[in-house]
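Single-structure report; data block below.
These figures come from a predicted structure and were not determined experimentally.
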Amino acid sequence: MAAKTAASHPKKATQSEVIDVVSRMQRVENDMSPAERQVVRAVRNDYDAATRMTIAELATLAGVSQPTVTRFCRSVGCASFREFKVMLATTLTVAAAYLRPERQFSDDIGQLAQSVMTRAMNAMRDTLNALDTEAVGRAIDALANARRIDIYGQGGGSASLVEDAKLRLFRIGIPVSAYTDGHQQRMSAATLTQGDVVIAISNSGRSKAVAEAVDIAHSFGATTIALTRPDTPIAQGADILIPIVIGEDENVLIPTPSRYAHMGVIDTIATGVADRKGPAARETLRRVRYTVASIGIAIATPSTDPTILMKTIKPHE
């Protein structure tokens with residue numbers, strides 16, 4: 001319970017600390033009261049105008065009381081409304097290009113696309129801001145030296161991420177398998193040994209089957225890596241924890257933004273592993289590329305693939 005409280009109420013910013021208020025609003029919005037979320041919507045509708053308003057003007061625009069605006073400011077890490085406006089103005093100065101796309105939409109579909117894609121960008125940004133680079137580095141080292149990699153995940157989102165992670169890693173030339181079935185995960189874990197690596201992917205961190213498979217793999221000497229929320233069963237069983245915490249949207253029609261966060265971390269790890277593997281990974285990736293190019297599902301690049309096979313590839317429309 002203490003951990004949840006700390007996450008829900010971020011520490012107040014000191015005078016020397018500059019916080020990204022826009023990112024903080026998105027991260028803690030689901031923990032706010034309905035009235036505070038009205039303030040969020042009012043600010044989000046026009047960030048620039050919010051920096052020039054008085055507390056009374058913002059309260060009127062949001063349809064809430066002035067004390068509610070003050071509580072909102074504290075929820076996003078600011079001691080006062082004045083400090084909130086200063087932090088917001090600073091954020092806009094530094095990151096205005098990322099907050100306001102070049103194209104402005106007046107149609108419903110355009111605004112829908114902007115809403116969905118902005119949430120995806122916010123998730124990626126928040127993940128980057130909180131990324132444990134030391135843990136990512138350890139994961140890259142373990143995977144680059146792995147004899148075998150098994151990837152576990154369950155549920156719609158995690159299952160698709162497991163397959164994506166496998167796709168990213170097998171092209172580097174490392175034996176890798178992906179399992180979304182709980183029984184197969186346990187059986188897979190029982191066949192692992194020292195030198196093997198498990199990657200567990202879970203947004204909730206509470207999948208019982210995945211947690212048990214991670215524990216089994218660890219007991220047989222495999223290195224276990226978890227991309228999940230901290231203080232969860234899967235996190236506790238991991239040798240290397242890469243914490244990923246993204247608040248979910250209350251609108252069930254909108255795709256979960258945590259999927260983009262996990263994809264960003266997976267791609268970072270895969271790129272790091274390829275770099276660690278060096279020429280061997282580059283050669284394997286090149287061979288994969290020109291092989292799929294021969295059936296028209298990748299762009300052929302003869303200048304970088306001067307092989308007999310590449311020279312036989314015909315252009316595809």
Quick check: do [X] and [Y] have side-chain heavy atoms less than 4.5 Å from each other?
| X | Y | result |
| --- | --- | --- |
| V22 | M87 | no |
| V116 | L112 | yes |
| L143 | I149 | yes |
| F72 | F81 | no |
| V273 | I269 | yes |
| I244 | H262 | yes |
| V39 | T68 | yes |
| V21 | M25 | yes |

When you group the ILVMFWY residues by side-chain heavy-atom contacts below 4.5 Å and let the links chain together, are [Y] and [X] in the same group?
| X | Y | result |
| --- | --- | --- |
| V176 | M187 | no |
| V245 | I240 | no |
| L161 | V198 | no |
| V210 | V197 | no |
| V162 | Y260 | no |

Given 3.5 Å as the limit, does a donor-acceptor pair link the side chain of [X] with the main chain of [Y], or not?
| X | Y | answer |
| --- | --- | --- |
| Q194 | A222 | no |
| N45 | R41 | yes |
| E57 | T54 | yes |
| N145 | A142 | no |
| K85 | R52 | no |

If you measure only the distance, is there a donor-acceptor pair under 3.5 Å linking the side chains of [X] and [Y]?
| X | Y | result |
| --- | --- | --- |
| Y152 | S188 | yes |
| R74 | T70 | no |
| Q154 | T180 | no |
| H218 | D239 | yes |
| T223 | R138 | no |
| E83 | S80 | no |
| N122 | R125 | yes |

Using every non-hydrogen atom in the two residues, find where [X] and [Y] come nearest and quote the distance to one decimal.
| X | Y | value |
| --- | --- | --- |
| A235 | L241 | CB-CD1, 3.7 Å |
| A217 | L192 | CB-CD1, 3.9 Å |
| V214 | A238 | CG1-N, 4.4 Å |
| L58 | A42 | CD1-CB, 4.0 Å |
| A209 | R186 | CA-NH2, 3.7 Å |
| T232 | S204 | CG2-O, 3.5 Å |

More than 12 heavy atoms of other residues, nucleotides or ligands under 6.0 Å from [atom1] of [X]: yes or no?
| X | atom1 | result |
| --- | --- | --- |
| E134 | CD | yes |
| R282 | CZ | no |
| R147 | CZ | yes |

Nearest-0.5 Å distance, [atom1] of residue [X] to [atom2] of residue [Y]:
| X | Y | atom1 | atom2 | answer |
| --- | --- | --- | --- | --- |
| I151 | R168 | CD1 | CZ | 11.0 Å |
| Q38 | S33 | CD | OG | 8.5 Å |
| T224 | I216 | OG1 | CD1 | 12.0 Å |
| Q236 | T228 | CD | OG1 | 10.5 Å |
| K166 | I199 | NZ | CD1 | 12.5 Å |
| K277 | L285 | NZ | CG | 11.5 Å |

- Query: Passes salt bridge (Lys or Arg N to Asp or Glu O under 4.0 Å), R229 versus D231? Steps please.
  - Reply: CA-CA 7 Å; R229 296 175 183 271; D231 302 319; over 6 Å; no
- Item | Chi angles and distances behind the salt bridge (Lys or Arg N to Asp or Glu O under 4.0 Å) call for E29, R37 | CA-CA 6 Å; E29 183 175 357; R37 287 199 288 271; 5.6 Å; no
- D20 and R24: salt bridge (Lys or Arg N to Asp or Glu O under 4.0 Å), yes or no, with the steps? CA-CA 6 Å; D20 179 350; R24 185 71 61 82; over 6 Å; no
- Message: S23 vs R27, test: side-chain hydrogen bond (donor to acceptor under 3.5 Å, both in side chains). Steps then yes/no.
- Response: CA-CA 6 Å; S23 175; R27 189 161 59 249; 3.3 Å; yes
- Can you check side-chain contact (heavy atoms from CB on, under 4.5 Å) on I246 and T127, steps first, answer last? CA-CA 8 Å; I246 297 295; T127 301; 3.5 Å; yes
- Query: Can you list the steps and then say if V43 with L88 is a side-chain contact (heavy atoms from CB on, under 4.5 Å)?
  - Reply: CA-CA 10 Å; V43 172; L88 179 59; 4.1 Å; yes
